[in-house]
Amino acid sequence: KFVSRVDQLSIGVYNEAVTFTESSIAPCELSVQLITKIREIVRNQASQSGFACSTVDGLMTVGAATIPLLMKEVQASSAFRVWEVSVCELQMVDLSGLNENEKCLFWINVNNMMTMHRFARGIIQGAGVFEMTASMRNFKYNVSGYIVSIMDIEHGILRNCSAKLVIFNTFTSNLGFSEKDPRNALALRVARPLLSFLLFQGTSCGPPLVILTRPANIDEDLLRFSSYYLKKIVRIEKGSGSAFSSSTHTIFLPDVFKVYMKDFGDTRQAMLAQVSWIVGKGSFSELYEKMLKDKISPKISYIPFSFIASM
């Protein structure tokens, strides 16, 4: 149930078009419904308008050049306006009974949904860290009475127990919640390093949009989606020598392994073992196992983060 708002909207809060007075849907179920619907709206609008949009391995991809025009048409659609009312139901969800698995599923879905919503609202980041950070800090939802931004969800809730960033600058300060912040009640109490590979940020180098649906199997699904993403990114490049034992081999990893290195092991070798486990069977793991057997110490090159908008 909801009523129309008569007071002034909160600044930057994008799910207060109406005020919900109650919600009868469980939080995880609601998050799945809402994110599935916005993905469907974008996909249908792309099809109707003739924009480049494809589904690869069940995941939607949209050409970078297409995004601004497509999102402009999504925003003007009646389906999106109806969805923006539906997303207001998050105001009244009851999060008090969620276990750790359910909290992880719910907040990853909400994070990914908010990024899609941000794009549909035409708030598409530029090619720099300032624009990206500003868009994540300023796009907010009212969830169960708590006002949270995309940045709050990632760093205050989902990464609450993650290792601290190894990169410090003006854009990485004031992440997370203070001890007295009531939103601490929302935070995960168990570290989930693999969520790094499921947080959709709408960038060309980041993970694709995924939807989690099985709280009881959350760890299985985190590993499955992480493996899918890393298999497309992680690679080993042979050095100039023809022999495999050449010491100039280089392993290319996403920048997240440098930023959150401690999440994946206390040593370089422990981190690479984690990468091999996440990626699973395939050419990378086979080559890495051969390196270990031959006592080869490859170089590591971190792939720079790209802020170019993509889906």
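This structure is a prediction, so every number in the text was calculated from the model and none was measured. Below, all heavy atoms of this structure are taken into account, side chains as well, without hydrogens, waters or symmetry copies.
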### Task
Could you give me the CA-CA distance, side-chain angles and deciding distance for Leu188 and Cys161, then say whether side-chain contact (heavy atoms from CB on, under 4.5 Å) is met?
CA-CA 7 Å; Leu188 297 188; Cys161 293; 5.7 Å; no
### Message
Working note: Asn99 + Asn101, criterion side-chain contact (heavy atoms from CB on, under 4.5 Å); need CA distance, chi angles, decisive distance, verdict.
### Response
CA-CA 6 Å; Asn99 61 35; Asn101 285 2; 3.5 Å; yes
### Task
Go through the steps to decide whether Leu272 and Leu253 satisfy the test side-chain contact (heavy atoms from CB on, under 4.5 Å), and finish with yes or no.
CA-CA 10 Å; Leu272 290 176; Leu253 301 175; 4.2 Å; yes
### Query
Leu209 and Ile35: side-chain contact (heavy atoms from CB on, under 4.5 Å), yes or no, with the steps?
CA-CA 10 Å; Leu209 176 70; Ile35 191 172; 4.0 Å; yes
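By the neighbour-count criterion of 12 heavy atoms within 6.0 Å, atom CD of Gln269 is sparsely surrounded, having that number or fewer from other residues, nucleotides or ligands. Environment of NZ in Lys37: sparse, with no more than 12 heavy atoms of neighbouring residues, nucleotides or ligands closer than 6.0 Å.
Nearest heavy atoms, Glu100 versus Ala187: OE2-O, 4.5 Å. Scanning all heavy atoms of the two residues, the minimum distance from Tyr141 to Val110 falls at CD2-CG1, 4.2 Å. Across every non-hydrogen atom of Asn111 and Phe200, the tightest pair is ND2-O, 3.8 Å. Contact record, Ser306 with Ser204: OG-OG, 2.9 Å, taken as the closest heavy-atom pair. Scanning both residues, Ala270 and Gly265, for their nearest heavy atoms gives CB-CA, 4.0 Å. The two residues Phe106 and Ser31 come nearest to each other via the heavy atoms CD1-CB, 3.8 Å.
Between Met92 and Thr21, the closest side-chain pair of non-hydrogen atoms is not below 4.5 Å. Taking 4.5 Å as the limit, every side-chain heavy atom of Tyr228 sits out of range of all side-chain heavy atoms of Pro207. By the 4.5 Å heavy-atom criterion applied to side chains, Phe284 and Ile251 are counted as neighbours. Between Ser144 and Val93, the closest side-chain pair of non-hydrogen atoms falls below 4.5 Å. The shortest side-chain heavy-atom distance between Lys103 and Pro27 does not fall under the 4.5 Å cut-off. Residues Met114 and Met136 are not in side-chain contact: their nearest non-hydrogen atoms beyond the backbone lie 4.5 Å or more apart. Contact check for Val42 versus Phe119: no side-chain heavy atoms found under the 4.5 Å cut-off. Contact of the Glu102 side chain with the Ile218 side chain is not registered, since no non-hydrogen atoms from C-beta on lie closer than 4.5 Å.
With hydrogens and angles ignored, the 3.5 Å screen pairs no side-chain donor or acceptor of Asp181 with any backbone N or O of Phe177. Distance alone, capped at 3.5 Å, is enough to place a donor-acceptor pair between the Ser135 side chain and the Met132 backbone. For the pair Ser285 (side chain) and Gly280 (backbone), a donor-acceptor distance under 3.5 Å is present. Judged by distance alone, with hydrogens and angles left aside, the side-chain atoms of Gln91 form a donor-acceptor pair with the main-chain N or O of Phe20 at under 3.5 Å. Within the 3.5 Å criterion, the main-chain N or O of Asn44 finds no donor-acceptor partner in the side chain of Ser47.
Residues meeting the side-chain hydrogen bond (donor to acceptor under 3.5 Å, both in side chains) test with Asp263, sequence neighbours left out: none. Legend: residues meeting ring-ring contact (aromatic ring centres under 6.0 Å, His included) with Phe225, ordered by chain and number and at least two apart, are absent.
Val234 and Trp277 end up in the same hydrophobic cluster when Ile, Leu, Val, Met, Phe, Trp and Tyr side chains are linked at under 4.5 Å. Residues Leu292 and Ile278 fall within the same hydrophobic cluster, defined by Ile, Leu, Val, Met, Phe, Trp and Tyr side chains chained together at heavy-atom separations under 4.5 Å.
With rounding to the nearest 0.5 angstrom, the CG atom of Leu199 is 11.0 Å from the CD1 atom of Ile150. For the atom pair Leu212 CG and Leu222 CG, the distance stands at 6.0 Å (nearest 0.5 Å). Between the CD1 atom in Ile153 and the CE atom in Met113 there is a gap of 9.0 Å [rounded to 0.5 Å]. Atoms OH and CE, on Tyr260 and Met271 in that order, are 15.5 Å from each other to the nearest 0.5 Å. Going from atom OG of Ser226 over to atom CG of Leu198 covers 5.0 Å, rounded to the nearest 0.5 Å. The OG atom of Ser78 sits 15.0 Å away from atom CH2 of Trp83, with the distance rounded to the nearest 0.5 Å.
Using the six-membered ring where Trp is involved, Phe197 and Phe264 have ring planes that are tilted, between 30° and 60° apart.
Residue pairs meeting the salt bridge (charged side-chain N to carboxylate O under 4.0 Å, His left out) criterion with at least one partner in residues 70-97, sequence neighbours excluded, are Glu84-Arg121.
Taking the six-membered ring for Trp and the full ring otherwise, the centers of His117 and Phe80 sit less than 6.0 Å from each other. Aromatic ring centres of Phe257 and Phe252 lie farther apart than the 6.0 Å criterion allows.
Between the side chains of Thr250 and Arg235, no donor-acceptor pair is found at a separation under 3.5 Å. A donor atom on one side chain and an acceptor atom on the other are not found under 3.5 Å apart for Arg192 and Asn160. No hydrogens or angles considered: a donor-acceptor pair under 3.5 Å links the side chains of Glu16 and Asn142.
Checked for salt-bridge contact, Asp152 and Arg137 miss the test: no charged N lies under 4.0 Å from a carboxylate O. A salt bridge is defined here as a Lys NZ or Arg NE, NH1 or NH2 lying under 4.0 Å from an Asp or Glu carboxylate O, and Arg43 with Glu40 fails to meet this definition. Ionic pairing of Glu220 and Arg214 is present here: one or more N-O contacts between side-chain nitrogen and carboxylate oxygen are shorter than 4.0 angstrom.
With a 6.0 Å cutoff to the six-membered ring centre and a 45° limit on the axis angle, Arg118 does not count as a cation-pi contact of Phe139.
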